[in-house]
J.: 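Here you go, one structure.
The figures that follow rest on heavy atoms only: side chains count, while hydrogens, waters and symmetry mates do not. One is the number of the first residue; the rest follow in order along the sequence.
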Amino acid sequence: MKAITSSIVLLSLMAACSPEDTVSDMTTIEQAAYNKQGAVSPSNPANPYDHIGSIYRNLLDSYYAIPHQNLTLEQVISGGEALLMQDQAFLTLLKNEPYVPVTAEEIQPYLDVEGNISALLDQRYGLEAVEIYQSVTNTLEPLLQADAPYSEIRAALIAIEDLAIHSEELSEADRAVVLTTISIVRNALHKGGKPRRRDRDWEWMIGNIAATANATLDSKPQAIMACFATDVY
């Protein structure tokens with residue numbers, strides 16, 4: 001994991017440069033992250049599973065466009081499913097991947113958990129995948145607690161994705177689910193260029209990532225709903 005740590009340190013040093021220096025050295029991926037207004041997009045074209053994160057972001061945008069108040073976990077899940085069934089990209093995804101309805105009983109253990117994410121991850125994950133997820137939580141915790149701008153959050157996650165893409169120790173199966181999970185998480189944290197946050201402590205994010213990661217092992221549609229339930233409720 002030294003490579004992951006080194007990349008994150010490098011990104012921190014880049015953030016300390018002037019805006020002119022940063023823009024002049026921008027990669028193609030970074031250039032694609034800025035629209036005409038200069039707002040940061042959550043997209044990462046290098047991630048082959050980034051369309052899954054886009055579906056999730058559209059779900060959140062649709063959900064938050066409707067007033068909600070005091071919903072039960074069951075109502076959050078059913079509301080999310082109803083919105084997804086109106087999303088053509090999600091319906092296309094269902095043609096190739098199964099979706100077994102997510103239940104409140106499955107989601108409950110992931111709510112408001114504390115500690116190391118490795119204890120929550122499915123045993124089907126290999127050691128390298130577990131270490132990558134640990135790196136994700138170790139990286140996000142200080143950034144979210146410091147209310148860091150979304151550009152920093154996105155850059156840090158993309159650095160981890162890049163390592164996952166090129167890792168020779170990660171199995172192809174784990175690579176697919178890790179990249180899918182991080183894409184969903186990266187999009188979940190985006191809202192108008194600012195972190196999407198709930199009025200709760202950092203610990204909720206550990207359960208949110210673990211629920212998403214474990215559901216991704218079963219199917220991408222289930223990962224989207226597992227993330228939604230633990231993110232919104």
J.: Does any part of the side chain of Phe90, heavy atoms only, come nearer than 4.5 Å to the side chain of Leu83, both counted from C-beta?
T.: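 When only atoms from C-beta onward are counted, Phe90 and Leu83 do not touch, as no gap falls below 4.5 Å.
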
J.: Working note: Asn44 + Leu157, criterion side-chain contact (heavy atoms from CB on, under 4.5 Å); need CA distance, chi angles, decisive distance, verdict.
T.: CA-CA 10 Å; Asn44 177 13; Leu157 287 176; over 6 Å; no

J.: I would like to know whether Val232 and Leu71 meet side-chain contact (heavy atoms from CB on, under 4.5 Å); could you show each step before the answer?
T.: CA-CA 10 Å; Val232 170; Leu71 296 183; over 6 Å; no

J.: Of the non-hydrogen atoms in Ala46 and Pro48, which two are nearest, and what is the gap between them?
T.: O-CD, 3.3 Å

J.: Atom OH of Tyr133 and atom CG of Asn138: how far apart are they, to the nearest 0.5 Å?
T.: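 Between Tyr133 OH and Asn138 CG, I get 15.0 Å after rounding to 0.5 Å.
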
J.: What I'd like to find out is whether the side chain of Glu141 reaches to under 4.5 Å of the side chain of Thr137, using heavy atoms alone.
T.: no

J.: Using only heavy-atom distances, determine whether the side chains of Thr180 and Thr216 contain a donor-acceptor pair under 3.5 Å.
T.: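 Distance-only check fails for Thr180 and Thr216.
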
J.: Can you measure from OG (Ser167) to CD1 (Ile160) and round to the nearest 0.5 angstrom?
T.: 13.0 Å

J.: What's the separation between atom OG in Ser135 and atom CG in Leu140, rounded to the nearest 0.5 Å?
T.: 9.0 Å

J.: Asp162 side chain to Ile158 main-chain N or O, any donor-acceptor pair under 3.5 Å?
T.: no

J.: Taking Tyr110 as the fixed residue, which of Asn214, Thr212, Asn208 is the one that meets the side chain to side chain donor-acceptor pair (under 3.5 Å) rule?
T.: Asn214

J.: Asn116: what forms a side-chain hydrogen bond (donor to acceptor under 3.5 Å, both in side chains) with it, not counting sequence neighbours?
T.: Ser118, Gln134

J.: For Gln88, enumerate each residue passing the side-chain contact (heavy atoms from CB on, under 4.5 Å) test, keeping only those at least two apart in sequence or located in another chain.
T.: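 Residues passing side-chain contact (heavy atoms from CB on, under 4.5 Å) with Gln88: Leu91, Thr92.
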
J.: Side chain of His190, backbone of Arg186: donor and acceptor closer than 3.5 Å?
T.: no

J.: Is there side-chain contact between Phe228 and Leu84, with at least one heavy-atom pair below 4.5 Å?
T.: no

J.: Between Tyr56 and Ile224, what is the shortest heavy-atom contact and its length?
T.: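 Heavy-atom minimum between the residues: CE1-O, 3.5 Å.
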
J.: Quick test of your reading: applying salt bridge (charged side-chain N to carboxylate O under 4.0 Å, His left out), list the pairs with at least one residue in residues 175-184, sequence neighbours left out, ordered by first then second residue.
T.: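 Listed once each, the pairs are Glu172-Arg175.
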
J.: Looking only at non-hydrogen atoms, find the nearest pair between Val178 and Ala164 and report the distance.
T.: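 Looking at all heavy atoms of both residues, the closest pair is CG1-CB, 4.2 Å.
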
J.: List the atom pairs, with distances to 0.1 Å, where a side-chain N or O of residues 98-105 and a protein N or O form a donor-acceptor pair under 3.5 Å, not counting sequence neighbours.
T.:
residue: Tyr99; atom: OH; partner: Glu81; partner atom: OE2; Å: 2.4
residue: Tyr99; atom: OH; partner: Val102; partner atom: N; Å: 3.2
residue: Thr103; atom: OG1; partner: Glu106; partner atom: N; Å: 3.2
residue: Thr103; atom: OG1; partner: Glu106; partner atom: OE1; Å: 3.1

J.: Against Ile52, only a single residue in Ile184, Leu179, Thr181 fulfils side chain to side chain contact (heavy atoms under 4.5 Å, CB included); can you say which?
T.: Ile184

J.: Is there a chain of hydrophobic side chains (I, L, V, M, F, W, Y, each step under 4.5 Å between heavy atoms) that links Leu127 to Ile182?
T.: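 In one cluster with Leu127: Ile182, no.
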
J.: State, with a plain yes or no, whether a side-chain heavy atom of Leu189 is found less than 4.5 Å away from one of Val185.
T.: yes

J.: If I take atom OG1 from residue Thr139 and atom CD1 from residue Ile132, how far apart are they, to the nearest 0.5 angstrom?
T.: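 Nearest 0.5 Å value for the OG1-CD1 distance: 11.5 Å.
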
J.: Would you confirm whether Asn187, through its side chain, and Arg57, through its main-chain N or O, come within 3.5 Å as a donor-acceptor pair?
T.: no

J.: To the nearest 0.5 Å, what is the distance between CE on Met225 and CD1 on Ile107?
T.: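 CD1 of Ile107 is found 7.5 Å from CE of Met225.
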
J.: Can you see which heavy atom on Cys227 is nearest to which on Thr230, and at what distance?
T.: O-OG1, 3.2 Å

J.: If only atom types and distance count, is the side chain of Glu97 paired as donor or acceptor with the main-chain N or O of Lys220 below 3.5 Å?
T.: yes

J.: Look up atom OG in Ser183 and atom CD1 in Ile55, then write down how far apart they are to the nearest 0.5 Å.
T.: 9.5 Å

J.: Do you know which two heavy atoms are closest between Ala210 and Leu120, and how far apart they sit?
T.: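 Answer, listing the atom of Ala210 first, then Leu120: CB-CB, 3.7 Å.
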
J.: Taking Asp174 for the side chain and Ala129 for the main chain, is one N or O donor matched with an acceptor at less than 3.5 Å?
T.: no

J.: Search all heavy atoms of Ala215 against all heavy atoms of Ala226 and return the closest pair with its distance.
T.: CB-CB, 3.6 Å

J.: Between Tyr150 and Pro42, is there a side-chain heavy-atom distance shorter than 4.5 Å?
T.: yes

J.: My understanding is that only residues two or more places apart in sequence, or in another chain, count here; which of them pass side-chain contact (heavy atoms from CB on, under 4.5 Å) with Asp218?
T.: Arg124, Gln222

J.: Applying salt bridge (Lys or Arg N to Asp or Glu O under 4.0 Å), can you list everything that pairs with Glu74, at least two apart in sequence or on another chain?
T.: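 Scan of Glu74 (salt bridge (Lys or Arg N to Asp or Glu O under 4.0 Å), adjacent residues dropped) gives none.
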
